[in-house]
Amino acid sequence: MDGDVAGAHLRNRILLGDCIEVMAGLPAASVDLVFADPPYNLQLRGELHRPDNSRVDAVDDAWDRFASFADYDRFTRAWLAQARRVLKPEGAIWVIGSYHNIFRVGVALQDAGFWLLNDVIWRKSNPMPNFRGKRLTNAHETLIWASRAEGARYTFNYEALKALNEGVQMRSDWTLPLCTGAERLKDAEGAKAHPTQKPEALLHRVLVASTNPGDLVLDPFFGTGTTGAVARRLGRDFLGIERDAGYARLAEARLARVRPHDRAALEVTGSKRAEPRVAFGVLVERGLLSPGELLVSPRGTAAKVRADGSLIAAEHRGSIHQVGAALEGAPSCNGWTYWHFRREGRLIPIDLLRQQIRAEMRSVLPG
């Protein structure tokens, strides 16, 4: 099986079964991203009640129970080993957890060979109160983002997250509400269908940050399908693994209602760091600008293009950045946006020519 495409029959599907066993049957290096919301091993002892003695709908399902920390650690290391095997070399993983398990998961991630990139604090704007009054209200969960190995390339749409955050660099503390209202899936009796359903806003941010349209996102603890729903809406492919047939049926029904956005709406602001590097001299070599041609600054100052891709303006000589900085008396200058050339009476930024070269480069790059 072609690991790069993972086969059409392994895209946009829910596979029923144990995640470790199912992942063992998947092709190696076939997945772009893993988002995992594993059991938290909450170690609950008995029921939890509110001050009015009403029962709290806490996480007390069988899938969250482990006999000991050692059992939980063995389970964690087993599924992480398979997750790393199916990830592409440039793939990455996100794991979410609470204080009950995330520190153990973090150690297991590092021991497995993953390289930690960030931990993100999801601060819940509407957390469940601490009814007993014996501890702080648990108002956050932690996500760990890791690449497959130290030094590995990975997708990070920095500019897209910045745009999502109104032009400000995205921080590692995210304030988002719990999954409530119409988004919260209910069973036939009107109770929560799944106790740990995550808000779609959280997955939206994760997928915009670390995937591109067409990428394959694996969720080995699929539950009621939040990862799949958001992936489908954003034009990503998903592969869900779920051992509970009831949850899988709810996820299937949920996914059937999701419609992806149009292709143009799925594109996100690209990372400048990810763009192919283009030297100013290439524009001269290609004849897009000619030796002796004049470039104009925002102040109207002219600089002459030289055959080696440098500029000369009065007593200043150097790169497009150095000459721009010298003319402005500034420590630095982005020459690509500073300098303009003249065509048919119009001033056009030289960055337009750089983007033309980049578009040509992208058209011949594999993948």
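Position 1 is the first residue of the sequence; numbering continues from there.
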Taking atom types as modelled, find out whether Asp237 and Asn12 have a side-chain donor-acceptor pair closer than 3.5 angstrom. yes
- prompt: Is it true that the side chains of Ser98 and His100 contain a donor and an acceptor less than 3.5 Å apart?
  reply: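 Their side chains do contain a donor-acceptor pair, which is all the 3.5 Å distance test asks for.
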Arg342 and Glu293: salt bridge (Lys or Arg N to Asp or Glu O under 4.0 Å), yes or no, with the steps? CA-CA 9 Å; Arg342 195 179 298 275; Glu293 187 168 351; over 6 Å; no
Any side-chain heavy-atom pair of [X] and [Y] under 4.5 Å:
| X | Y | answer |
| --- | --- | --- |
| Leu80 | Arg84 | no |
| Ser125 | Leu176 | no |
| Leu216 | Leu239 | yes |
| Val278 | Arg354 | yes |
| Lys88 | Asp32 | yes |
| Trp94 | Val34 | no |
| Thr226 | Gln197 | yes |
| Tyr338 | Leu327 | yes |

Determine whether a donor-acceptor pair (N or O, by modelled atom type, separation under 3.5 Å) exists between the side chain of [X] and the backbone of [Y].
| X | Y | answer |
| --- | --- | --- |
| Asn165 | Gly167 | no |
| Asp18 | Ile20 | yes |
| Ser210 | Leu207 | no |
| Trp339 | Ile320 | yes |
| Arg85 | Met23 | yes |
| Arg317 | Leu311 | no |
| Asn157 | Ala160 | no |
| Thr301 | Ser297 | no |
| Arg358 | Arg277 | no |
| Asn126 | Leu178 | yes |

Checklist line | Charged N-O contact under 4.0 Å between Glu360 and Arg286 | finding: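 Result for this pair is yes, salt bridge flagged.
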- Does the distance from a Lys or Arg side-chain N to an Asp or Glu carboxylate O, for Arg254 and Glu200, drop under 4.0 Å? yes
Is there a continuous path of hydrophobic side-chain contacts, each under 4.5 Å between heavy atoms, that joins [X] to [Y]?
| X | Y | value |
| --- | --- | --- |
| Ile312 | Val323 | no |
| Leu117 | Ile121 | no |
| Ile241 | Phe238 | no |
| Leu26 | Ile14 | no |
| Phe222 | Val95 | no |

Rounded to the nearest 0.5 Å, what separation is found between the [atom1] atom of [X] and the [atom2] atom of [Y]?
| X | Y | atom1 | atom2 | value |
| --- | --- | --- | --- | --- |
| Thr337 | His321 | OG1 | NE2 | 9.5 Å |
| Leu116 | Glu150 | CG | CD | 11.5 Å |
| Lys304 | Ser310 | NZ | OG | 12.0 Å |
| Cys333 | Gln322 | SG | CD | 10.5 Å |
| Phe69 | Thr76 | CZ | OG1 | 11.5 Å |
| Arg171 | Asn118 | CZ | CG | 12.5 Å |

Between [X] and [Y], which heavy-atom pair has the shortest distance, and what is it?
| X | Y | result |
| --- | --- | --- |
| Phe221 | Pro39 | CE2-CD, 3.8 Å |
| Ala248 | Glu242 | N-CG, 4.1 Å |
| Val284 | Ala307 | CG1-O, 3.9 Å |
| Val305 | Ser290 | CB-O, 3.7 Å |
| Ala36 | Trp79 | CB-CH2, 3.4 Å |
| His316 | Ala326 | ND1-CB, 3.6 Å |

| field | side-chain contact (heavy atoms from CB on, under 4.5 Å) assessment of Ile93 paired with Leu33 | value | CA-CA 6 Å; Ile93 187 171; Leu33 186 79; over 6 Å; no
- Item | Stepwise side-chain contact (heavy atoms from CB on, under 4.5 Å) check, Trp122 with Thr175 | CA-CA 6 Å; Trp122 167 32; Thr175 302; over 6 Å; no
Show the numbers, then the answer: is there a side-chain contact (heavy atoms from CB on, under 4.5 Å) between Lys198 and Asp37?
CA-CA 9 Å; Lys198 295 301 182 288; Asp37 184 7; 2.8 Å; yes
Apart from Leu347 itself, its cluster of hydrophobic side chains linked below 4.5 Å comprises Val296
Requested in this report: Start with the C-alpha gap between Arg249 and Tyr247, add the side-chain angles, then the distance that decides, and say whether side-chain contact (heavy atoms from CB on, under 4.5 Å) holds.
Outcome: CA-CA 5 Å; Arg249 284 192 296 271; Tyr247 289 156; over 6 Å; no
- Is the NZ or CZ atom of Arg148 both under 6.0 Å from the centre of the six-membered ring of Phe114 and within 45° of that ring's axis? no
Cationic tip of Arg205 above Trp174 ring, under 6.0 Å, 45° of axis
yes
Taking atom CH2 of Trp115 as the centre, report whether more than 12 heavy atoms of other residues, nucleotides or ligands fall under 6.0 Å from it. no
>> Just checking Arg299: does its CZ atom have more than 12 heavy atoms from other residues, nucleotides or ligands closer to it than 6.0 angstrom?
In response: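 No, not enclosed.
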Over 60° means perpendicular and under 30° means parallel, so classify the ring planes of Tyr158 and Phe156, tilted if in between. perpendicular
Tested for side chain to side chain donor-acceptor pair (under 3.5 Å) against Arg236, the lone hit among Asn212, Thr211, Thr227, Asp215 is Thr211
List, one per line, each side-chain donor-acceptor pair under 3.5 Å for residues 135-146, sequence neighbours excluded.
| unit_1 | atom_1 | unit_2 | atom_2 | d |
| --- | --- | --- | --- | --- |
| Arg135 | NH1 | Tyr99 | OH | 2.9 |
| Glu141 | OE1 | Tyr40 | OH | 2.5 |
| Glu141 | OE2 | Lys124 | NZ | 2.8 |

